[in-house]
> 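One structure follows; several queries about it will come next.
Remember, predicted model here, so these are calculated numbers, not experimental data.
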Amino acid sequence: MRRKFAGRKKREKGLFSRTLIIFCIALIIALCFLRIKVEHTRTGYEISKNREVERALLKETVMLHHEILKLKSLEHLKPVADKKGFRFASYKDVVFVEEVIVAQEEQDEGF
């Protein structure tokens, strides 16, 4: 009789240890899955936040580009130039240069 009970205890002990190992593995897998889901959600929120920042920066870029074009416009520059005493160049004020001779090139050609 003792042999039967001894074998049964070993089998029950083995069954318990296998069940415990399987439970631990299942728990570890569940915790890993949960960690992955949390990271996935966190990354999604971060991406959304970065997209909002990107939209705001693009909007600001367009506004600044518009402001640059407005400041460069003739309507804005003419009153400022008049106030400073500038005038637009006429055809008489333009100097045309036909040929530019560099002194270094002239010396190299002589030798």
Side-chain angles (χ1 to χ4, degrees):
M1 281 274 203
R2 279 191 168 184
R3 281 188 162 175
K4 287 183 181 179
F5 287 124
R8 182 189 263 177
K9 283 186 179 182
K10 284 184 183 179
R11 276 187 262 140
E12 286 177 2
K13 191 174 185 180
L15 182 63
F16 177 74
S17 62
R18 285 184 200 148
T19 306
L20 184 62
I21 290 172
I22 291 171
F23 178 74
C24 288
I25 290 172
L27 182 64
I28 290 171
I29 290 172
L31 289 175
C32 289
F33 180 74
L34 183 63
R35 175 68 180 184
I36 290 170
K37 284 301 226 179
V38 167
E39 287 299 320
H40 183 266
T41 304
R42 185 178 297 155
T43 305
Y45 281 124
E46 191 174 330
I47 288 171
S48 292
K49 190 170 149 183
N50 287 339
R51 283 184 182 159
E52 289 175 15
V53 169
E54 180 187 19
R55 278 190 216 111
L57 289 174
L58 287 174
K59 184 177 179 181
E60 186 178 354
T61 301
V62 168
M63 290 174 61
L64 289 173
H65 185 68
H66 176 71
E67 188 174 342
I68 286 172
L69 292 177
K70 188 174 91 176
L71 291 173
K72 283 180 162 181
S73 70
L74 184 62
E75 292 83 21
H76 180 266
L77 289 177
K78 188 162 176 47
V80 174
D82 289 340
K83 191 186 289 185
K84 299 279 183 178
F86 294 126
R87 63 180 175 80
F88 284 102
S90 65
Y91 187 76
K92 293 178 186 177
D93 297 328
V94 178
V95 177
F96 294 98
V97 178
E98 293 179 19
E99 185 178 349
V100 176
I101 299 173
V102 180
Q104 183 67 30
E105 288 178 5
E106 206 172 277
Q107 289 175 358
D108 290 340
E109 291 175 8
F111 291 106

> Atom CD1 in I22, atom CG in L27: separation rounded to 0.5 Å?
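Those atoms lie 13.5 Å apart.
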> Go through it in stages, so that I can follow the logic: the residues are K49 and E46, the test is side chain to side chain contact (heavy atoms under 4.5 Å, CB included), and I'd like the CA-CA distance, side-chain angles, deciding distance and then a yes or no.
CA-CA 5 Å; K49 190 170 149 183; E46 191 174 330; 5.6 Å; no
> Quick check: closest heavy atoms across H76 and K70, and the distance to 0.1 Å?
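Distance-wise, the nearest heavy atoms are CB-O, 3.5 Å.
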> Report yes if the side chains of L58 and V62 come closer than 4.5 Å at any heavy-atom pair, otherwise no.
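No, too far: nothing below the 4.5 Å cut-off.
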> Does anything in residues 81-96 form a side-chain hydrogen bond (donor to acceptor under 3.5 Å, both in side chains)? List the pairs, not counting sequence neighbours.
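Listed once each, the pairs are R87-D93, S90-D93.
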> Transitively linked via ILVMFWY side-chain contacts under 4.5 Å: I21 with I29?
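Per the 4.5 Å side-chain linkage, I21 and I29 are co-clustered.
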> If a pair satisfies side-chain hydrogen bond (donor to acceptor under 3.5 Å, both in side chains) and one of its residues is in residues 56-66, list it, with sequence neighbours excluded.
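Passing the test, one end in residues 56-66: no pairs.
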> Under 3.5 Å, which donor-acceptor pairs link side chains of residues 32-40 to any protein atom two or more places apart or in another chain?
| unit_1 | atom_1 | unit_2 | atom_2 | d |
| --- | --- | --- | --- | --- |
| R35 | NH2 | E39 | OE2 | 3.3 |
| E39 | OE2 | R42 | NH1 | 3.0 |

